[in-house]
2 protein chains.
Amino acid sequence: MLPPGRGGKQRDVAAHGMYRRRDTRRGWLIAEIAAELRRYGADAQHVGHAFAGRHGLNATDLQALIAVMDAELVGAPITPGRLGEQLNLSSGSVTALIDRLERAGHIRRDRDTSDRRKVLLRYADRGAALAMDFFRPLGERTDQVTAGFRDEELEVVYRFVSAMGASLREHRDALRDEPARRRTD
Amino acid sequence: MLPPGRGGKQRDVAAHGMYRRRDTRRGWLIAEIAAELRRYGADAQHVGHAFAGRHGLNATDLQALIAVMDAELVGAPITPGRLGEQLNLSSGSVTALIDRLERAGHIRRDRDTSDRRKVLLRYADRGAALAMDFFRPLGERTDQVTAGFRDEELEVVYRFVSAMGASLREHRDALRDEPARRRTD
DNA sequence: ATGGGATCTCTAGACGTTCGAGAGTTTCGC
DNA sequence: GCGAAACTCTCGAACGTCTAGAGATCCCAT
């Protein structure tokens, strides 16, 4: 039952750095918010996995489809290279991925007319319908939740998630730029 | 440049259901919050992927290690079966996963003394050190962000993320319980 | 007590995704 | 025009995952 090391202090989880001291209301809040964000990400993955499975794709395929729509809807279609960056995939895997999605009728390949090395990915009707099925119930749930918050409260939430997101991206970039550090392996 | 089909309505993204109408401040806020949460999850995956890669594991291994510590730190060590549920893995994959982590010295297998069918997963020192290296910088960043919020504001944020998390889990469970629905394939 | 069903972990083979290196085009700078 | 750089695609190998089933152990009804 007891964690190994530091015998005895069973709930001194702060010593492990994973959790924060919860002995003040504020500390407890911060710990719970961080934990909830972590769980939210995990559950979102589960939802994506389950939904993708129902429709004959895997989680990566669904992520890719969303990224393709995301990019195209803001007027800047994505290329295979950048899709690979977003999904942490090598170029070979991206080709296979696009082949699958194209074969299934979810997206199309278009040559860029100005730079003919590039391929632009565009969603097909089938892919649009699938993404809509995925996002609609989530949007409805978001509506239900946000209905319980006043405008000023949503401003606070927005400020918070923006700051957390920016900080996490900083961390991600820092990890990328410091690639060679070895541990005590 | 134009999305295919439905010629002309280039920016009518609301028609796709992915995004919400942004013509009011409140609508814009909600859309941005939802988008930021989505990006946060994706970026968290990237961070995990990058960190795991540096230490000779894959993203699944790191998730598993975190889940094992998470469970043990609250005094209820996890079993291979439940770990598979949390990570969306089959029993066979879980065995391979545990073998990898045990071989690398990150976790240990213990037989449950009261129910000897079960195996309890416990982290080893090596795994604890790794998890600490992963979480410490994230905790520091969380501290920096939360420093810019008053207690009442954190209460609002907590209420929001709790509600969003609960709603998402409801959706996940609904997906699970309605497994057979087929689309117009 | 004892037998049957349920629960849990593990094994084995096949499948599919991913990776890594390299080839083939097209573009841009000199 | 020529060489370097950017981008996508091909191919074979490696790895993680899945499915099906075997082997233990526990629980409960008889």
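From a predicted model like this one, the values you see are computed outputs, not experimental measurements. Heavy-atom basis, side chains included; hydrogens, waters and symmetry copies ignored. Quick note on labels: first sequence line is chain A, next is B, and so on, each numbered from 1.
- Note: CG (B:Leu121) to C1' (C:dC10) measures 13 Å, nearest angstrom.
- With contacts defined as side-chain heavy-atom distances shorter than 4.5 Å, the pair A:Leu101/A:Leu121 does not qualify.
- In this model, the phosphate group of C:dT18 is approached by a side-chain N or O of A:Arg100 to a distance below 4.0 Å at OP1 or OP2.
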Polar-atom pairs under 3.5 Å, protein N or O versus N or O of nucleotides 21-30 of chain C: list them with distances, or write none.
{"from": "C:dT27", "atom 1": "OP1", "to": "A:Arg116", "atom 2": "N", "distance (Å)": "3.2"}

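- B:Arg111 comes within 4.0 angstrom of nothing in the nucleic acid, heavy atoms only.
- Residues B:Glu155 and A:Leu29 form a side-chain contact, since some pair of their non-hydrogen atoms from C-beta on lies under 4.5 Å apart.
- When each of B:Asp61 and A:Pro80 is assigned the nucleotide of DNA chain D bearing its nearest heavy atom, the one mapping closer to the 5' terminus is A:Pro80.
- Salt bridge status for B:Arg169 with A:Glu36: present, with a side-chain N to carboxylate O gap under 4.0 Å.
- Residues meeting the ring pair (Phe, Tyr, Trp, His ring centres under 6.0 Å) test with A:Tyr40, sequence neighbours left out: none.
- Heavy atoms of B:Asn88 sit under 4.0 angstrom from primed sugar atoms or phosphate atoms, though from no base atom.
- No continuous path of ILVMFWY side-chain contacts below 4.5 Å connects A:Leu120 to A:Ile78, so the two sit in separate hydrophobic clusters.
- For DNA chain D, the outermost nucleotides in 5' to 3' order that have an atom under 4.0 Å from a heavy atom of chain A are D:dA6 to D:dT10.
- Rounded to whole Å, atom C1' of C:dT9 lies 14 Å from atom CD1 of B:Ile107.
- Between A:His49 and A:Thr95, the residue anchored nearer the 5' end of DNA chain D, judged by the nucleotide with its closest heavy atom, is A:Thr95.
- In this structure, B:Ile78 atom CD1 and C:dC8 atom P are separated by 13 Å, rounded to whole Å.
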Would you be so kind as to tabulate the donor-acceptor pairs closer than 3.5 Å made by side chains of residues 91-99 of chain A, with sequence neighbours excluded?
{"from": "A:Ser93", "atom 1": "OG", "to": "A:Ser90", "atom 2": "OG", "distance (Å)": "3.0"}
{"from": "A:Thr95", "atom 1": "OG1", "to": "A:Ser91", "atom 2": "O", "distance (Å)": "3.2"}
{"from": "A:Asp99", "atom 1": "OD1", "to": "A:Arg109", "atom 2": "NH2", "distance (Å)": "2.2"}

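- At whole-Å resolution of the value, CG in B:Leu101 and C1' in C:dT9 are 16 Å apart.
- For the pair A:Arg126 (side chain) and A:Ala104 (backbone), a donor-acceptor distance under 3.5 Å is present.
- Legend: residues meeting salt bridge (Lys or Arg N to Asp or Glu O under 4.0 Å) with A:Asp61, ordered by chain and number and at least two apart, are A:Arg100.
- Listed here is the closest heavy atom pair of A:Leu62 and A:Gly48: CD2-O, 3.6 Å.
- Residues A:Ile66 and A:Phe134 have side chains in contact (heavy-atom distance under 4.5 Å, counting atoms from C-beta outward).
- When rounded to the nearest whole Å, the span between CG of A:Leu87 and P of C:dT18 equals 9 Å.
- Proximity of A:His171 to B:Val47: side-chain heavy atoms (C-beta onward) are separated by under 4.5 Å at one or more points.
- Rounded to an integer number of Å, the gap from CG of A:Leu57 to C1' of C:dG16 is 14 Å.
- Put simply, the side chain of B:Arg38 reaches to within 4.5 Å of the side chain of A:Phe135, judged on heavy atoms.
- Atom CG of B:Asp99 is separated from atom P of C:dT9 by 13 Å (rounded to the nearest Å).
- Mapping B:Ile98 and A:Ser90 onto DNA chain C by nearest heavy atom places B:Ile98 closer to the 5' end of the strand.
- Overall, the helix from C:dA1-D:dT30 to C:dC30-D:dG1 carries an axis bend of 30° between its ends, with five pairs at each end and the value rounded to 10°.
- Counting non-hydrogen atoms under 4.0 angstrom, A:Leu97 reaches nothing in the nucleic acid.
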